[in-house]
> 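Before I ask anything, here is the structure I am working with.
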Amino acid sequence: QVQLVESGGGLVQPGGSLRLSCAVSGFSVNYHVIGWFRQAPGKERAEISCISSGVSGSDNGTFYADSVKGRFTVSRDNFKNTAYLQMNSLKPEDTAVYYCATNLMYGSTCSEPDFDSWGQGTQVTVSS
């Protein structure tokens, strides 16, 4: 059974850091793309970062939206079968529910248009 479980969200002050985890089962993070999305109140869900599968080659490795570039870093641990989103220099506008998702096609990359399995989300609130 395919499952993605996010954790690591919480309340943090502006300028602080959080690391989100996406623990997966039923598939391997090394063989499938992991995307990170967020949805703020009243806004549509948007993709903010992505890491291609480890078997896809180097051309489509990672993606960052302009809003998080230079502050967020995506990674994965193949042994723990977990993906991570390290978030630094957090701003109030980063407040949202954060989701991880995957495309179950083997070797999927950040160029894939569709993510077909999703986690339940974790709340991140940036406030003083």
Side-chain angles (χ1 to χ4, degrees):
Q1 181 180 0
V2 171
Q3 193 172 17
L4 299 88
V5 179
E6 303 94 336
S7 62
L11 174 63
V12 63
Q13 292 187 341
S17 297
L18 284 174
R19 188 178 77 159
L20 304 185
S21 298
C22 175
V24 313
S25 58
F27 70 100
S28 170
V29 295
N30 189 41
Y31 298 151
H32 302 277
V33 63
I34 297 292
W36 285 95
F37 296 74
R38 69 185 181 188
Q39 186 167 20
K43 295 187 177 181
E44 292 187 354
R45 187 170 58 191
E47 184 178 9
I48 56 168
S49 186
C50 176
I51 183 166
S52 295
S53 67
V55 296
S56 64
S58 61
D59 291 346
N60 297 293
T62 59
F63 159 79
Y64 297 96
D66 288 343
S67 58
V68 306
K69 198 172 294 183
R71 300 188 297 124
F72 290 11
T73 303
V74 64
S75 63
R76 64 169 173 264
D77 184 324
N78 295 337
F79 291 104
K80 294 183 178 179
N81 213 18
T82 299
Y84 302 97
L85 186 67
Q86 177 68 43
M87 307 187 297
N88 299 329
S89 302
L90 283 162
K91 306 174 182 180
E93 51 264 42
D94 294 318
T95 296
V97 178
Y98 284 70
Y99 301 88
C100 61
T102 192
N103 182 304
L104 292 174
M105 184 177 72
Y106 177 84
S108 45
T109 73
C110 292
S111 298
E112 301 298 333
D114 297 316
F115 288 83
D116 50 27
S117 296
W118 294 79
Q120 82 290 347
T122 186
Q123 176 70 47
V124 171
T125 302
V126 185
S127 175
S128 56

> Please list, chain by chain and in numerical order, all residues satisfying side chain to side chain contact (heavy atoms under 4.5 Å, CB included) with A46, sequence neighbours excluded.
none
> Evaluate the side chain to side chain contact (heavy atoms under 4.5 Å, CB included) criterion for residues E6 and Q120: first the C-alpha distance (whole Å), next the side-chain angles of each, then the deciding distance (0.1 Å), finally the verdict.
CA-CA 7 Å; E6 303 94 336; Q120 82 290 347; 2.9 Å; yes
> Evaluate side chain to side chain contact (heavy atoms under 4.5 Å, CB included) for F72 paired with S49, printing each intermediate quantity in order.
CA-CA 8 Å; F72 290 11; S49 186; 5.7 Å; no
> Quick one: do Q123 and Y98 satisfy side chain to side chain contact (heavy atoms under 4.5 Å, CB included)? Show the steps, please.
CA-CA 6 Å; Q123 176 70 47; Y98 284 70; over 6 Å; no
> If you look at every heavy atom in S28 and N81, which pair is closest and at what distance?
CA-OD1, 3.3 Å
> Return the set of residues passing side-chain hydrogen bond (donor to acceptor under 3.5 Å, both in side chains) with D116 (not counting sequence neighbours), or none when no residue passes.
none
> How would you list, by chain and number, every residue that makes a side chain to side chain contact (heavy atoms under 4.5 Å, CB included) with S89, sequence neighbours excluded?
R71
> Which residues pass the side-chain hydrogen bond (donor to acceptor under 3.5 Å, both in side chains) test with D114, not counting sequence neighbours?
none
> I'd like to check the salt bridge (charged side-chain N to carboxylate O under 4.0 Å, His left out) partners of K91; sequence neighbours left out, ordered by chain and number.
none
> Can you give me the closest heavy-atom contact between V126 and T95, atom names plus distance?
N-OG1, 2.9 Å
> For N103, give me all partners under side-chain hydrogen bond (donor to acceptor under 3.5 Å, both in side chains), at least two apart in sequence or on another chain.
none
> Mind listing the closest non-hydrogen atom pair of D77 and Y84 along with its distance?
CB-CE1, 3.8 Å
> In the hydrophobic clustering that connects Ile, Leu, Val, Met, Phe, Trp and Tyr at side-chain heavy-atom distances below 4.5 Å, which members other than Y99 occupy its cluster, ordered by chain and number?
V33, F37, V97, F115, W118
> The criterion is side chain to side chain contact (heavy atoms under 4.5 Å, CB included); which residues satisfy it with L11, sequence neighbours excluded?
T125, S127
> How would you list, by chain and number, every residue that makes a side chain to side chain contact (heavy atoms under 4.5 Å, CB included) with V2, sequence neighbours excluded?
L4, F27, L104, S117
> In a table with atom names and distances, give each donor-acceptor pair under 3.5 Å that connects a side chain of residues 14-25 to protein atoms at least two apart or in another chain.
from, atom 1, to, atom 2, distance (Å)
S17, OG, N88, OD1, 2.9

> Please identify each residue that fulfils side-chain hydrogen bond (donor to acceptor under 3.5 Å, both in side chains) with K80, with sequence neighbours left out.
none
> Does anything in residues 21-40 pair up under salt bridge (charged side-chain N to carboxylate O under 4.0 Å, His left out), and if so which pairs, sequence neighbours excluded?
R38-D94
